[in-house]
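Okay, structure first, notes after.
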Amino acid sequence: MNILKTTILMALLTGLMVAIGGAVAGESGAFIMLIISIGMNFFSYWFSDSMVLKAYDAQQVDENSAPQLYNLVANLAKNANLPMPRVYVINSDVPNAFATGRNPDHAAVAVTTGIMNALDYNEISGVLGHELAHVKHRDILISTIAASMAGVISMIAQMAQWAAIFGTNRSDDDDNGGGIIGTLFTIIIAPIAATLIQLAISRSREYDADKTGGEICGNPMYLASALEKIEYYAQHSAPLHDASPATAHMFIINPLENAKVALKGLFSTHPATSERIARLKEQAHVN
């Protein structure tokens, strides 16, 4: 199922990129964007995880540099019958975490310094169990491809915006590119990209990862308690530095939760945290 979803997502994003090229530069622009998008599809499959980690300046750690974190991940990976993933730390006071990679053999988990300070050992094990559940369910590939492709589309949209501002009117061009059409594409491209990501990645995968994560860490209440704390910080602190709608869906809780973003509802990539906690309590048989 995830292979089909990934294929559909890549096709939709490719079509969107071609449409942008056509709007900005006509038929020649559409052809160029088709070639670029095909290359990006292959590039995203192999390198999307490293792109996302680099975007958040995540630093890889090992048993020597972060023994407690590394050994906790190792124990949880063993519980989940998964290969040991790479472990990264993001220097941010905002508590959050995500998993990335094209498959369990090439997976990585990343946590912020804030989450290690805000949560206790059991709660961190719940968070990491959730992220390893994403690895186990093999749904991280579609997340990383969606993030990298949407990032490229946003970059192209910005380029098109500057071209529309400083460029010449191409309304008389044989390809019928540019002009008001290109400007309109620029204006609506970010919401479209975010919508595609939202449609491509079902919120149900968060519920599934919560359930399996509770099993991996040994107690669903560890994760429930962690989610409650992370949600509090998300509501009462500044958004995670460099967080964007293109990658918000990858985190355990939306890092833009408290951001004043236009059309914020469009970027609701996660179920309500209260509902997630309620399900975890039911899983743990807690009233």
| said: Would His106 and Asp49 count as a side chain to side chain donor-acceptor pair (under 3.5 Å) here? Give the steps. | reply: CA-CA 9 Å; His106 299 86; Asp49 56 342; over 6 Å; no
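- The 12-atom threshold is exceeded at CG of Asn117, counting heavy atoms of other residues, nucleotides or ligands nearer than 6.0 Å.
- Atom OH of Tyr207 sits about 4.5 Å away from atom CZ of Arg279, to the nearest 0.5 Å.
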| said: As a quick check of understanding, evaluate side chain to side chain contact (heavy atoms under 4.5 Å, CB included) for Thr273 and Ile253, giving each step before the final call. | reply: CA-CA 8 Å; Thr273 302; Ile253 282 183; 3.9 Å; yes
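- Open room surrounds CG on Asn91; 12 or fewer heavy atoms of other groups in view lie less than 6.0 Å from it.
- Within a 6.0 Å sphere centred on CD of Gln60, heavy atoms belonging to other residues, nucleotides or ligands number more than 12.
- Between Phe251 and Phe98, the ring-plane angle classifies as perpendicular under the 30° and 60° cut-offs.
- With rounding to the nearest 0.5 Å, the separation of CE in Met51 from OG1 in Thr100 is 10.5 Å.
- Here the shortest heavy-atom pairing between Ile216 and Ala133 reads CD1-N, 4.0 Å.
- Taking both residues in full, the closest heavy atoms of Cys217 and Gly214 are given as SG-O, 3.6 Å, listed atom of the first, atom of the second, then distance.
- Interatomic distance, CG of Leu82 versus NZ of Lys136, reported as 5.0 Å (0.5 Å rounding).
- Taking every heavy atom of both residues into account, Asp210 and Gln283 meet most closely at O-OE1, 4.2 Å.
- A search for side chain to side chain contact (heavy atoms under 4.5 Å, CB included) contacts involving Gln59 returns Asp57, not counting sequence neighbours.
- For the residue pair Glu131 and Ala97, the shortest heavy atom distance occurs at OE2-O, 3.5 Å.
- Expressed to the nearest 0.5 Å, how far NE2 of His130 lies from CG of Leu227 amounts to 7.5 Å.
- With rounding to the nearest 0.5 Å, the separation of CD in Glu228 from CE in Met221 is 8.5 Å.
- Atom CD of Glu275 has more than 12 neighbouring heavy atoms from other residues, nucleotides or ligands inside a 6.0 Å radius.
- Counting heavy atoms from C-beta on, the side chains of Pro85 and Val73 come closer than 4.5 Å.
- For the atom pair CG of Leu69 and CD of Glu63, the computed distance is 11.5 Å after rounding to the nearest 0.5 Å.
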| Under the salt bridge (charged side-chain N to carboxylate O under 4.0 Å, His left out) criterion, do Asp62 and Arg86 qualify, and how do the steps go? | CA-CA 8 Å; Asp62 56 23; Arg86 290 168 290 145; over 6 Å; no
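- Closest heavy-atom contact between Pro83 and Asp105: CG-OD1, 3.2 Å.
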| Would Met116 and Val89 satisfy side chain to side chain contact (heavy atoms under 4.5 Å, CB included), going step by step from the backbone distance to the final call? | CA-CA 10 Å; Met116 292 188 290; Val89 172; 3.9 Å; yes
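- A distance of 6.0 Å or more separates the ring centres of Tyr121 and Tyr222.
- Side-chain contact between Gln235 and Ile230 is absent, with no heavy atoms from C-beta onward closer than 4.5 Å.
- Considering Thr113, Thr112, Ile115, Leu53 in turn, Thr112 is the only one that fulfils the side-chain contact (heavy atoms from CB on, under 4.5 Å) rule with Ile90.
- At a threshold of 4.5 Å between non-hydrogen side-chain atoms, the residues Pro95 and Leu119 do not count as touching.
- If you chain together ILVMFWY residues whose side-chain heavy atoms come under 4.5 Å of each other, Phe31 ends up grouped with Ile35.
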| task | Please test Asn219 against Asn122 for side chain to side chain contact (heavy atoms under 4.5 Å, CB included), starting from the C-alpha separation and ending with a verdict. | result | CA-CA 9 Å; Asn219 188 338; Asn122 288 335; over 6 Å; no
| task | Evaluate side chain to side chain contact (heavy atoms under 4.5 Å, CB included) for Val109 paired with Leu132, printing each intermediate quantity in order. | result | CA-CA 8 Å; Val109 293; Leu132 289 175; 4.2 Å; yes
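- Taking all atoms of both residues into account, the shortest heavy-atom contact from Asn96 to Asn254 is ND2-C, 4.5 Å.
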| task | For Arg205 and His134, run side chain to side chain donor-acceptor pair (under 3.5 Å): C-alpha distance rounded to whole Å, both residues' side-chain angles, the deciding distance at 0.1 Å, then the answer. | result | CA-CA 8 Å; Arg205 77 183 187 94; His134 282 310; 3.3 Å; yes
